[in-house]
Amino acid sequence: MKQDESARESRPSRRKLLAWAGAAAIGAAGAAAGWKHFSGTVQVKVESFFAAGDGRKKNILVLSGSGRKGGNTELLASAFAKGAREAGHDVHAFNAALDPMRGCMHCGGCWSRNAPCVMDDGFTRLYPLLEQAELLVLCSPLYWYSLSGHLKCAMDRLYPYFQKDRPRSLKVRETMLLMCGQTRLLRSFAGAAETYRQGIGFAGWRDRGRLFATGVDGLGAIAGSSALAEAETMGRGA
Ligand SMILES: Cc1cc2nc3c(=O)[nH]c(=O)nc-3n(C[C@H](O)[C@H](O)[C@H](O)COP(=O)(O)O)c2cc1C
């Protein structure tokens, strides 16, 4: 056999190549489906703490910070709001990612223009809701092991309400925190939980509950998980 003929014989036939390509495609689809199944169901872990309310109807502001419509934070916030509305509470929602605001500039202009802040942005729409709220529910995706920047900017803008000479104060007395993240580890939420703990300690607000859902990354991956049922229960007991 000549050298070029032997090379031709050891080369896979067209039929073999097609068969291998088909097998590879089926394998890849199977692996992807398997991963999707795994990430969509098995990994979602929820850690929550919740102290039931006194049964009094209250004004609740659900303040969230995720830009994804139909995303996991939005689903958590909606589940909480559904439970709270069903229990008769007066619930308002504001998404600081969709009506965004800058962080505090520490300019010292608080209350100088008949408003808490001199900047005119999403906070102009947020503060009337904040001033009515008795329970503030913070909802955020885990971003860089912390609250999302959208929510953090909103929190920073509370600064005028902690000025000594403020003409108006917040009525907020209690807070809750609802978060979700891609991580499989509950400890990845520790930084955000500590920010929340110290922040509400400074403000003199009472922690009424926290919920952390791991293993959710895709748009709406949290749907059908126990996290939403738990958020709804927290809302009902608010
Ligand atoms: C900018 C950015 C930072 C993120 N940082 C983290 C992180 O530190 N840890 C984590 O587990 N997931 C992280 N994620 C993933 C999100 O927490 C996760 O996809 C979450 O479910 C998104 O919620 P959403 O559907 O409301 O947007 C990050 C996502 C983005 C876009």
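Below, each value reflects all heavy atoms present in this structure, side chains not excepted, and no hydrogens, waters or symmetry copies. We count ligands from 1, going down the list as the structure has it; atoms in each ligand are counted the same way. As the structure is a prediction and not an experimental result, all values here were calculated from the model.
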Which atoms form the tightest heavy-atom contact between A213 and I222, and what is the distance? CB-CD1, 4.0 Å

Using a 4.0 Å cut-off to any heavy atom of S66, which atoms of ligand 1 qualify? 24 (P), 26 (O), 27 (O)

In the protein, which heavy atom is nearest to atom 20 (C) of ligand 1, and how far is it? V216 O, 3.6 Å

Positive for side-chain contact (heavy atoms from CB on, under 4.5 Å) with K58, one of R173, E134, K171: E134

Hey, are K69 and E74 close enough for a salt bridge, meaning a charged N less than 4.0 Å from a carboxylate O? no

Under-4.0 Å heavy-atom contact with ligand 1, by part of Q182 that carries it: both

Is a side-chain N or O of S146 found less than 3.5 angstrom from the main chain of Y143, in a donor-acceptor match? no

Assess C180 for proximity to ligand 1: is some non-hydrogen atom of it under 4.0 Å away? yes

Between R102 and D156, is there a salt bridge with N-O shorter than 4.0 Å? no

For atom 30 (C) of ligand 1, the protein heavy atom that lies nearest, with its residue and separation: Y143 CE1, 3.4 Å

Enumerate the atoms of ligand 1 whose separation from the nearest heavy atom of T183 is less than 4.0 angstrom. 10 (C), 11 (O)

Which residue and atom name correspond to the protein heavy atom nearest atom 25 (O) of ligand 1, and how close is it? N72 N, 2.8 Å

Can an N or O of G181 be found at a distance shorter than 3.5 Å from an N or O of ligand 1? no

Distance-minimising heavy-atom pair for R236 and A87: O-CB, 3.3 Å

A student checking ligand 1 against R68 at a 4.0 Å heavy-atom cut-off should list atoms 19 (O), 22 (C), 24 (P), 25 (O), 27 (O)

Looking at ligand 1, does any of its N/O atoms fall within less than 3.5 Å of an N/O of L142? yes

is_close_aromatic(Y196, W205), centroid dist under 6.0 Å: no

Identify the heavy atoms of Q132 and H92 that sit nearest to each other, and give their distance. OE1-NE2, 3.9 Å

Would you say Y145 has any N or O atom under 3.5 Å from an N or O of ligand 1, going by distance alone? yes

Look at ligand 1 and say whether D217 reaches it with a heavy atom at a distance under 4.0 Å. yes

Protein heavy atom at shortest distance from atom 26 (O) of ligand 1: T73 OG1, 2.7 Å

Identity and distance of the protein heavy atom lying nearest atom 5 (N) of ligand 1: W144 N, 3.0 Å

Ignoring hydrogens and angles, tell me if any N or O in the side chain of D99 forms a donor-acceptor pair with the backbone of R125 under 3.5 Å. no

Could you list which atoms of ligand 1 come closer than 4.0 Å to a heavy atom of P141? 22 (C), 23 (O)

Can you tell me if R157 uses its side chain to pair, donor with acceptor, with the backbone of A154 under 3.5 Å? no

